[in-house]
There are 2 protein chains.
Amino acid sequence: MMPNAIMDQQDDETVELGDIKLSPGFLLRIAQVKAFESFFAQIGGLGIKPGEFTVLWVISLNPGLKQGTIARTLHIKPAHMTKLVSRLAKDGMLERTPDTADRRAVRLTLTPKGEGFVARNRAKFLDTDLAQRVALTAEEAETLNALLRKFTGLD
Amino acid sequence: MMPNAIMDQQDDETVELGDIKLSPGFLLRIAQVKAFESFFAQIGGLGIKPGEFTVLWVISLNPGLKQGTIARTLHIKPAHMTKLVSRLAKDGMLERTPDTADRRAVRLTLTPKGEGFVARNRAKFLDTDLAQRVALTAEEAETLNALLRKFTGLD
DNA sequence: CAGATTTAGTTTCCGCGTAAACTAAATTCT
DNA sequence: AGAATTTAGTTTACGCGGAAACTAAATCTG
């Protein structure tokens with residue numbers, strides 16, 4: 001029979017990706033999916049998400065920073081930042097204090113609970129060794145990091 | 001006056017990020033945000049999203065592939081894949097044809113419209129030159145690509 | 001072959017993150 | 001100083017993507 005080209009296609013799992021494997025955007029998406037999986041596999045039980053921890057981390061390094069400044073730095077949109085901060089405040093991780101000089105602005109500081117949480121989980125979240133757990137050598141991992149820093153403009 | 005440590009904090013924009021700049025997960029997230037921005041700046045007007053184009057692309061290279069196989073390959077969850085494919089079908093980009101042998105499975109092929117769309121926008125979507133538009137040299141961009149491919153296991 | 005299990009895909013429900021509209025405060029411009 | 005504009009943050013409405021429950025078909029097992 002063999003009627004048309006569709007029938008020639010095997011239903012096996014070998015999929016041709018072609019040049020899309022060269023697209024930075026595509027590669028970055030897949031890479032982030034893997035990083036996410038790795039993140040939750042390692043510390044899914046803690047009930048906190050990458051963005052939330054990052055905010056706590058930045059506040060711990062810059063106590064009293066304005067909410068908007070942090071949002072801009074971490075590419076978090078204002079509307080989302082409001083909810084994220086509310087969640088963390090409700091969890092007792094941080095405190096909002098309105099700025100005395102500019103009464104629109106909100107300054108953020110960690111509570112002792114928040115400080116403890118960051119200190120305790122610091123190593124797990126930074127997981128600079130993620131790359132090692134994949135196929136990269138230490139040197140490759142460092143190169144990848146450096147190129148990503150340059151790509152993102154964080155250098 | 002200068003009452004407490006909070007007041008020492010300047011409200012300027014210099015934010016200390018510390019070791020989080022070494023975290024692959026963090027770097028990947030920022031990198032992907034940038035890639036997204038670049039994507040929409042370049043072709044936002046076309047009314048299609050990265051994931052959608054990628055699916056069309058893969059079907060064009062593998063006509064008649066099963067929906068689930070594509071989803072697994074591209075790390076798209078089944079529930080999301082259903083909606084994504086429905087959208088593309090409604091737009092007349094692709095056709096679903098139930099497999100004759102396995103009546104649960106759905107095979108996907110592009111319509112002429114879909115084929116034309118992929119052919120026409122191929123270059124814009126692959127944008128291998130994204131890296132160039134940032135701070136990377138051609139060689140660095142290639143290294144970054146190679147490391148991401150290895151990291152993601154696509155090599 | 002009948003019952004149990006697995007597999008493909010869909011539907012329902014929900015949360016995250018965004019855009020748009022809004023409030024309030026600060027700043028700019030005559 | 002008073003009106004217009006800008007800025008900080010919140011609220012509301014919504015769409016995307018995911019988890020869980022579900023349907024239907026195929027496969028496995030005794």
What pairs of nitrogen or oxygen atoms, one from the protein and one from nucleotides 2-4 of chain C, lie under 3.5 Å apart?
none

Which whole-number value in Å describes the distance from [X] [atom1] to [N] [atom2]?
| X | N | atom1 | atom2 | answer |
| --- | --- | --- | --- | --- |
| K77(B) | dC14(C) | NZ | C1' | 16 Å |
| H75(A) | dC16(C) | NE2 | P | 22 Å |
| K90(A) | dG15(C) | NZ | P | 12 Å |
| F40(B) | dG17(C) | CZ | C1' | 13 Å |

Only counting residues at least two apart or in another chain, list the ones meeting side-chain contact (heavy atoms from CB on, under 4.5 Å) with [X].
| X | answer |
| --- | --- |
| T82(B) | Q67(B), S86(B) |
| R122(A) | W57(A), L126(A), D19(B) |
| E115(A) | S60(A), L110(A) |
| R103(B) | none |

Practice problem: May I ask whether V33(A) and F151(B) are part of the same hydrophobic cluster, defined by side-chain heavy atoms of I, L, V, M, F, W, Y residues being less than 4.5 angstrom apart, directly or through others? | Solution: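 No, no single cluster joins them.
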Quiz prompt | Listed partners of K113(B) passing salt bridge (charged side-chain N to carboxylate O under 4.0 Å, His left out), at least two apart | solution =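 Result, salt bridge (charged side-chain N to carboxylate O under 4.0 Å, His left out) vs K113(B): none returned.
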Quiz item: Listed in order of residue number, which residues of residues 78-88 of chain B have a non-hydrogen atom at under 4.0 Å from DNA chain D?
Solution: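 Under 4.0 Å from DNA chain D: A79(B), H80(B), K83(B), R87(B).
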Exercise. Could you list the residues that satisfy ring-ring contact (aromatic ring centres under 6.0 Å, His included) with F26(A), not counting sequence neighbours?
Key: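 Here no residue qualifies.
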Quiz item: Starting at the 5' end of DNA chain C and moving along, which residue's nearest nucleotide shows up first, R103(A) or I76(A)?
Solution: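 Looking at DNA chain C, the more 5' nearest nucleotide goes with I76(A).
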Exercise. Look at all strands and tell whether A101(B) reaches a base, only sugar-phosphate, or nothing, counting heavy atoms closer than 4.0 Å.
Key: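 Touches sugar-phosphate only.
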Quiz prompt | Pairs satisfying salt bridge (Lys or Arg N to Asp or Glu O under 4.0 Å), at least one member in residues 141-155 of chain B, at least two apart | solution =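 For residues 141-155 of chain B, and leaving out neighbouring residues, the salt bridge (Lys or Arg N to Asp or Glu O under 4.0 Å) pairs sorted by first residue read E140(A)-K150(B), E142(B)-R149(B), R149(B)-D155(B).
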Exercise. Among residues two or more places apart or on two chains, list those pairs meeting salt bridge (Lys or Arg N to Asp or Glu O under 4.0 Å) that have a residue in residues 76-90 of chain A.
Key: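 Of all non-adjacent pairs touching residues 76-90 of chain A, those that pass salt bridge (Lys or Arg N to Asp or Glu O under 4.0 Å) are E52(A)-R87(A).
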Self-check item: DNA chain D: 5'-most and 3'-most nucleotides touching chain B, 4.0 angstrom heavy-atom criterion
Solution: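 So the contact region on DNA chain D extends dC16(D) to dA26(D).
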Quiz item: Taking C-beta and beyond as the side chain, do V55(B) and I76(B) meet within less than 4.5 Å on heavy atoms?
Solution: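 Yes, side chains in contact.
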Exercise. Under the side chain to side chain donor-acceptor pair (under 3.5 Å) rule, collect the residues that match up with N121(A), sequence neighbours excluded.
Key: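 Expected list: none.
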